[in-house]
There are 2 protein chains.
Amino acid sequence: MSDTATTPPTSKSAQTRQRILDAAAEVLSRKGYAGTRLGDVAAVAGVQAPAIYYYFGSRDELVEEVMWVGAHRVRLHVEEVLAAVPEGATYMDRMMVAVDAHLRFELQLSDYATASIRNAGHVPEQLRVRPAAEEALYSRLWRDLFVAAQQAGEIRADLDINVFRLLLLGAMNWVVEWWNPRTRSLDELVATAQAMVRHGAGQP
Amino acid sequence: MSDTATTPPTSKSAQTRQRILDAAAEVLSRKGYAGTRLGDVAAVAGVQAPAIYYYFGSRDELVEEVMWVGAHRVRLHVEEVLAAVPEGATYMDRMMVAVDAHLRFELQLSDYATASIRNAGHVPEQLRVRPAAEEALYSRLWRDLFVAAQQAGEIRADLDINVFRLLLLGAMNWVVEWWNPRTRSLDELVATAQAMVRHGAGQP
DNA sequence: TAGAAATTCTAATCTGGTTTAGAATGAGGA
DNA sequence: TCCTCATTCTAAACCAGATTAGAATTTCTA
């Protein structure tokens, strides 16, 4: 293997591993778990299929890593963006920022995120454990945001914020199933999703 | 084959075919396309795997039929419910009814609907043609509803109803990924989804 | 209730894709 | 340069399921 103290992460070896992982994310995000052949991944990465086994123990191990990285990065990204929000911002403002960050990251920046979202419910159980832990953390991030917003009176008191949160995340996740950058503007999408939260959950 | 003029749809043969189809819908809704083995379907239906080939040409043909039936039934159900709405109802009222019908049908009444929703983006291209046609009709139903509501002034004029509609359908479709009847009340879910539309899209 | 047709089964085959074996290549250090 | 280790390749083994063959059974009709 590599990527240790003796071999810097930019070594040829580490780059190849990364290329394979990127390729897997790309194919997985496009074709889904069932449609992803190791041969396709290898072709995209520019190697022969057996080369994958030098870096990953099995097809499933490769898939699991993609899923985990995807879930992990989405969370990190949204956390970072939220951390940069100025002090005085309302919780509703923060939610707008989170919606923006989630959507843009998922659609523009990361095949990993897309792969993770699309396949979460389609991979064998054993592959879900580690990614699920990440998703739980991400879920909590949103829960905290909703709870704080409702306590601050920025969200209708009678709204079931747990259900609303799950519906919102679902709406945003499902975007990967229909989004086509050529026919729609990302700005418009973000604005509409934000309106769905601001008016759907916020005070009249 | 059977189910012709000479063999009524309640004949043993037709019943077996139905049992296999039901079993396929059940397994598909639970395990997804990749996880669905013909052997599992056969076991649930109470036959041996090869018996399936007496009724269906191939695994994919069986899957395709489940997907189509699922999409078809959701549309029929929502159409029926909408047709029963009294004359004077507002378009917003109709949308509330449609949300209710969609969610209850998908979660309570139909493994077919769940199978169709969950696997739409995961089956090979050829299997999507017929189901996609159904989905297009269903999509139009919602589009018409949104257009009418906005023209009637029941929806904010500045809202992008196409994007909002896709977000809403996504939110409702994704419910199959997290819904657990034991931990949540269906009524609460329906009410929250309705609120998301009424306040999220409706006039203040 | 015999015989034909329909249905379902067991056993075998086929297939595409993953995985393993082991040889070839290439890069880096003595 | 030569040797060693890392990396990648080609060829072959392996496997889990789908599918087919053909026999056995059940159902229906006359």
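Values below: every heavy atom of this structure, side chains too, minus hydrogens, waters and symmetry copies. The chains referred to below are lettered A, B, ... by the order of the sequence lines, with proteins before strands, and numbering in each begins at 1.
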Separation of D:dT19 atom P from B:E61 atom CD, nearest Å, is 10 Å
B:A51 has its side chain closest, among C:dA11, C:dT8, D:dT7, to C:dT8
Rounded to whole Å, the CZ-P distance (B:F56 to C:dT7) equals 13 Å
Taking only side-chain N and O atoms of B:Y53, does any of them lie within less than 4.0 angstrom of OP1 or OP2 on D:dT19? yes
Using a cut-off of 6.0 Å, state whether more than 12 heavy atoms not belonging to A:R143 lie near its atom CZ. yes
B:Q15 CD to D:dT27 P, straight-line distance once rounded to whole Å: 12 Å
Spacing of B:L109 atom CG and B:L103 atom CG [to the nearest 0.5 Å]: 12.5 Å
Roughly, in whole Å, what's the span from CZ in A:R17 to C1' in D:dT8? 17 Å
Residues 47-69 of chain A vs salt bridge (Lys or Arg N to Asp or Glu O under 4.0 Å), sequence neighbours excluded, gives A:R17-A:E65, A:E64-A:R130
Taking atom C1' of C:dG17 as reference, at what distance in whole Å does atom CD1 of A:I52 sit? 12 Å
Expected output is a numbered-order residue list: members of residues 19-30 of chain B with a heavy atom under 4.0 Å from any atom of DNA chain C. What is it? none
In terms of side-chain heavy atoms of A:Y55, which of D:dC9, C:dT7, D:dT7 is nearest? D:dT7
Mind checking what makes ring-ring contact (aromatic ring centres under 6.0 Å, His included) contact with B:Y91, not counting sequence neighbours? none
Taking only residues two or more places apart in sequence, or in another chain, which ones meet B:D160 in a side chain to side chain contact (heavy atoms under 4.5 Å, CB included)? A:E188, A:T192, B:N162, B:V163
Angle separating the five-pair end axes of the helix from C:dT1-D:dA30 to C:dA30-D:dT1, nearest 10°, is 10°
For nucleotides 23-28 of chain C, which of its nitrogen or oxygen atoms have a protein nitrogen or oxygen under 3.5 Å away, and what is each distance?
none

Separation of A:L159 CG from A:Q150 CD (nearest 0.5 Å): 6.5 Å
Qualifying side chain to side chain donor-acceptor pair (under 3.5 Å) pairs with a residue from residues 37-53 of chain A, counting only residues at least two apart or across chains: none
Could you name each residue pair satisfying side chain to side chain donor-acceptor pair (under 3.5 Å) that touches residues 69-86 of chain A, not counting sequence neighbours? A:H72-A:E134, A:R75-A:E79, A:R75-A:E134
Distance, nearest 0.5 Å, that separates CG of A:L166 from OG of A:S139: 6.0 Å
Who passes ring-ring contact (aromatic ring centres under 6.0 Å, His included) against A:Y33, sequence neighbours left out? none
What residues 31-48 of chain A contributes to the DNA chain D interface at heavy-atom separation below 4.0 Å is A:V47, A:Q48
How many whole angstroms separate atom CG of B:D60 from atom P of C:dT15? 16 Å
Strictly under 6.0 Å, is that where the ring centroids of B:Y138 and B:H102 end up? yes
Does a side-chain N or O of B:T16 approach OP1 or OP2 of C:dT8 to a distance below 4.0 Å, or not? yes
Roughly how many Å is it from CZ in B:R59 to P in D:dA18, rounded to a whole number? 6 Å
Side chain to side chain contact (heavy atoms under 4.5 Å, CB included) against B:A89, all qualifying residues, sequence neighbours excluded: B:V85, B:D93, B:R94
Of the nucleotides C:dA6, D:dT8, D:dA11, which one has an atom closest to the side chain of A:P50? D:dA11
Could you list the residues that satisfy ring-ring contact (aromatic ring centres under 6.0 Å, His included) with B:H122, not counting sequence neighbours? A:H122
Say you draw a straight line from CH2 of B:W174 to CG of A:N173; how long is it, rounded to the nearest 0.5 Å? 4.5 Å
